[in-house]
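So the structure is just underneath, and the comments pick up after that.
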There are 2 protein chains.
Amino acid sequence: MPKARSRVTYHHGDLGKALIDAALAIITEEQDAANVSLREVARRVGVSQAAPYRHFADKDALLAAVAEEGFQRLLNALQVDTGSDPDPLARLQASGVAYVKFAIAHPAHYRVMFSTFRVDQENNSSLNAAAGKAFAVMVDAISAGQAIGAIQPGNPRQLAWVTWSLVHGLALLLIDRQLPLVDEQDMLSLVTLATQSLVRGLQKPS
Amino acid sequence: MPKARSRVTYHHGDLGKALIDAALAIITEEQDAANVSLREVARRVGVSQAAPYRHFADKDALLAAVAEEGFQRLLNALQVDTGSDPDPLARLQASGVAYVKFAIAHPAHYRVMFSTFRVDQENNSSLNAAAGKAFAVMVDAISAGQAIGAIQPGNPRQLAWVTWSLVHGLALLLIDRQLPLVDEQDMLSLVTLATQSLVRGLQKPS
DNA sequence: GCGCCAAGTTAACGCTGTCAACTTTTTGTG
DNA sequence: CACAAAAAGTTGACAGCGTTAACTTGGCGC
């Protein structure tokens with residue numbers, strides 16, 4: 001008897017996807033750490049401890065899939081929140097705020113994303129592509145700013161790395177509770193201060 | 001027969017210090033990850049697997065001691081490299097460069113520092129104090145800059161958080177190989193660009 | 001209808017952090 | 001100076017982990 005959803009599935013009905021979802025659910029529930037164990041993921045899905053190895057080479061491969069999903073969601077959040085403001089500087093700042101907001105909203109997922117993502121190994125090319133797309137939002141805003149003469153000249157990718165450093169560092173300091181801020185309003189005003197200051201520093205000296 | 005150094009030691013001769021040193025040595029050797037195991041630390045020192053528990057409550061407590069040592073060394077590096085330039089803006093930028101340089105020189109130690117440090121729990125007060133002293137270097141430079149009217153007004157701690165975010169994020173992206181940079185000279189020019197841009201953004205609008 | 005191979009299971013290995021119970025050494029005090 | 005108490009270190013065990021080998025099951029292509 002075929003399952004209701006008889007797509008690519010064999011026995012279970014798309015394990016792999018189910019494993020990613022379960023891992024993400026565990027990560028989301030206990031935002032404390034990345035102490036998610038492969039065996040617990042399997043338990044939650046209802047398969048044996050070794051079943052995941054038919055879909056992922058090892059634990060890192062599963063986490064890489066979770067990370068890729070995270071970068072896709074980050075891209076979506078950036079695109080939605082950055083909007084279509086005609087001012088590239090406003091877009092750049094908005095993308096920075098949206099970036100940190102995403103990290104605050106999904107701290108454990110954000111940690112997995114950046115504990116897995118590496119640029120060197122070319123095997124995880126789909127993960128790299130997903131991360132690159134999210135990063136491109138900032139590059140595009142900076143290029144547009146340079147095109148209208150609002151942002152200082154220079155390699156836009158390099159300037160985007162600077163921007164990324166700021167929001168990445170701020171996001172990590174906040175979600176790892178390394179700044180004495182608990183009130184979300186305080187966090188957001190700090191994010192605003194940070195992104196405003198950086199955008200100012202990237203502007204073309206008049 | 002007392003040991004050569006019969007200070008506070010009982011049996012071994014200052015285990016605890018030896019454990020911290022061994023842990024730091026392991027971390028330094030394999031800069032790959034924080035996969036340092038308590039048992040391997042004990043093995044290297046030549047004691048049994050349970051001996052560390054007479055000196056540290058658990059593995060995290062040992063890593064916290066390693067982290068504290070790291071923050072002290074970071075403070076030292078910041079003080080040395082920041083120098084005594086009369087221009088607070090130059091000092092601020094120099095401290096940022098020194099910060100990232102430290103992280104690049106000691107990547108695994110830097111990771112342990114920030115995977116252990118949390119502001120909330122008041123029990124690790126010595127760790128917090130060490131981190132606070134390093135952070136104070138940036139706060140002082142910013143306060144000095146405000147005093148001579150070179151830096152925009154505002155809570156200097158908040159402005160220092162912005163600075164810290166930038167250098168922390170840049171340091172992590174670099175040491176975790178999340179930027180496509182391998183040449184150290186390329187890294188350093190990016191660090192310069194980043195710190196220059198931020199300092200510019202923090203300056204008082206004239 | 002049937003064989004084959006993907007998908008899933010069981011059992012085991014070596015590793016880990018941690019604890020309880022025990023032994024050894026040092027030290028403070030009557 | 002003796003000796004008890006406490007500090008420091010050891011052994012052995014437990015549960016959990018990632019991973020692999022050997023096995024079983026079940027659905028699809030011929």
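Note that the coordinates shown come from a computational prediction; the quantities given were computed from them, not determined experimentally. Reminder, nothing fancy here: chain letters follow the sequence lines and each chain counts from 1.
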Between P on dT9(C) and CZ on R43(A), what's the gap in Å once rounded to a whole number? 14 Å
For a quick test of reading the model: is some side-chain N or O of H55(B) closer than 4.0 Å to OP1 or OP2 of dG9(D)? yes
Interatomic distance, CD1@I26(B) vs CG@N35(B), rounded to 0.5 Å, equals 9.5 Å
Tell me the salt bridge (charged side-chain N to carboxylate O under 4.0 Å, His left out) pairs involving residues 181-193 of chain A, sequence neighbours left out? none
Separation of atom CG in L15(B) from atom P in dT10(D), rounded to whole Å: 8 Å
Here the ring pair (Phe, Tyr, Trp, His ring centres under 6.0 Å) pairs for residues 47-85 of chain B, sequence neighbours left out, are F71(B)-F114(B), F71(B)-F117(B)
side-chain contact (heavy atoms from CB on, under 4.5 Å) against H106(B), all qualifying residues, sequence neighbours excluded: F102(B), H109(B)
Sorted by chain and number, sequence neighbours left out, side-chain contact (heavy atoms from CB on, under 4.5 Å) with R39(A) holds for S37(A), R43(A), Q49(A)
Between dG18(D) (C1') and L63(A) (CG): distance, integer Å: 12 Å
Counting any heavy atom closer than 4.0 Å, what does S37(B) reach on the DNA or RNA strands: base, sugar-phosphate only, or nothing? sugar-phosphate
Residue pairs passing the salt bridge (charged side-chain N to carboxylate O under 4.0 Å, His left out) test where at least one lies in residues 154-176 of chain B, sequence neighbours excluded: R111(B)-D176(B)
Let me have a per-nucleotide readout for nucleotides 18-23 of chain C, 5' to 3', with B, S or -, counting only protein heavy atoms under 4.0 Å. BB-B--
Please report the distance, rounded to the nearest Å, between CZ in F56(A) and P in dA6(C). 18 Å
